[in-house]
There are 2 protein chains.
Amino acid sequence: MSSQLKPGTSNACNITALSLACEVNDVLRDISPRWKMQVLHKVASGTKQFSTLKHAFPSLSDQILGKRLSELVNDKLVDKIILKEKAPKSIHYMITDKGLELLKIIDDLHKWGLKYFSA
Amino acid sequence: MSSQLKPGTSNACNITALSLACEVNDVLRDISPRWKMQVLHKVASGTKQFSTLKHAFPSLSDQILGKRLSELVNDKLVDKIILKEKAPKSIHYMITDKGLELLKIIDDLHKWGLKYFSA
DNA sequence: TCAATAACTCACCCGAAAGTGAGCAAACCT
DNA sequence: AGGTTTGCTCACTTTCGGGTGAGTTATTGA
């Protein structure tokens, strides 16, 4: 999906071994990039444009946001809807069913985290 | 954590959503290290010793296995039971309730991955 | 006596991911 | 004419964590 691993390196070999061992790893790799699930959640809650997402996460740079959005689109977790092609562009992001189902599980993870949070 | 919120803005209205996203981030960080959930799964399925875990994952090095196990112990996902302190040591790892509940969610992730698995 | 075993830890390297600086297109507003 | 907005991409540097080689302790079995 998104891995640019040089074939033959031990890293690449281990990734292959991992995937063979269990497909859950592919899922974990897909959801663990920093900010990714946050952005997905924001999109799901109605924040649809690049610029508004930018404001929602002041410490997230344009570059990373762009990267995460394109990953989300590639993963089919969100759809990219182009309303106006030429600048100033107008593009909306919409969560897919696949994305919504993932968010449900992410929410379970959140609840699990809260349940065992002791401090 | 996330603070510069002006009360009354739409941002402030979404504060619950934001904190959800933030805490999930910690959970994601904890579960995403390579091999970690596999090792947890193996421990849950009755493989309790360092050496047997080693054989279960031939391409996983001692060093990483040791690191993952100590992380799992720190996270209270498994308990470390020392049966014999001095070498050759005898140590058993046992999954905790917290670990079992996490594995259930990991299994949901797995099912989600399978459902949307396309080519 | 000496290898094997169990369960590690330490020091180091390197590739991958995160983050930064700059720039671009083209319409709109002043 | 020039500044602003929108939605990015490219090239680069820095940080991080996965992976490797070597070493440790002490007991048992050949």
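A note on names: the letters A, B, ... follow the listed sequences, proteins ahead of strands, and every chain is numbered from 1. Since the structure is predicted, the reported quantities are computational estimates derived from the model, not experimental observations.
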For [N] and [X] - does any side-chain N or O of the residue sit under 4.0 Å from the phosphate oxygens OP1/OP2?
X: A:S51; N: D:dT5; answer: no
X: A:Y93; N: D:dC8; answer: yes
X: A:Q49; N: D:dT6; answer: no

Using side-chain heavy atoms (C-beta onward) and a distance below 4.5 Å, is [X] in contact with [Y]?
X: B:L28; Y: A:L28; answer: no
X: A:I81; Y: A:Y93; answer: no
X: B:V27; Y: A:I106; answer: no

Go through residues 61-70 of chain B and report each residue with a non-hydrogen atom lying under 4.0 Å from DNA chain C, sorted by number.
->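 Per residue number, the list reads B:D62, B:Q63.
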Interatomic distance, A:I31 atom CD1 to A:L103 atom CG [nearest 0.5 angstrom] |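 Separation between the atoms: 10.5 Å.
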[X] [atom1] - [N] [atom2] separation (whole Å):
X: A:L28; N: D:dG17; atom1: CG; atom2: C1'; result: 16 Å
X: A:W35; N: C:dG19; atom1: CH2; atom2: P; result: 8 Å
X: B:F57; N: D:dG19; atom1: CZ; atom2: P; result: 13 Å
X: B:L53; N: C:dA7; atom1: CG; atom2: C1'; result: 12 Å
X: B:K80; N: C:dA7; atom1: NZ; atom2: P; result: 10 Å
X: A:F50; N: C:dA25; atom1: CZ; atom2: P; result: 18 Å
X: B:K86; N: D:dA26; atom1: NZ; atom2: P; result: 5 Å
X: A:K54; N: D:dC8; atom1: NZ; atom2: P; result: 11 Å

Looking at the side chain of A:R34, which of C:dA18, C:dA26, D:dC8 is the nearest nucleotide?
->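 From the listed options, C:dA18 comes nearest.
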C:dT5, C:dA7, D:dC8: which one has an atom nearest the side-chain heavy atoms of B:P88?
->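 Closest nucleotide to the B:P88 side chain: C:dT5.
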Begin from the C-alpha positions of B:S59 and B:W35 and carry the test side chain to side chain contact (heavy atoms under 4.5 Å, CB included) through to its verdict.
-> CA-CA 10 Å; B:S59 52; B:W35 300 103; 3.5 Å; yes
For B:K36, report the nucleic acid contact type (base, sugar-phosphate, nothing); a contact means any heavy atom under 4.0 Å.
->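 No contact at all - B:K36 keeps every heavy atom at 4.0 Å or more from the nucleic acid.
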Side chain of A:R68, backbone of A:R34: donor and acceptor closer than 3.5 Å?
->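 At least one qualifying donor-acceptor pair exists.
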Taking the side chain from B:H55 and the backbone from B:S51, do they hold a donor-acceptor pair closer than 3.5 Å?
->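 Judged by distance alone, yes, a pair lies under 3.5 Å.
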Start at the 5' end of DNA chain C and walk down; is the nucleotide closest to A:S59 or to A:K89 reached first?
->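 Closest to the 5' end, via its nearest nucleotide, is A:S59.
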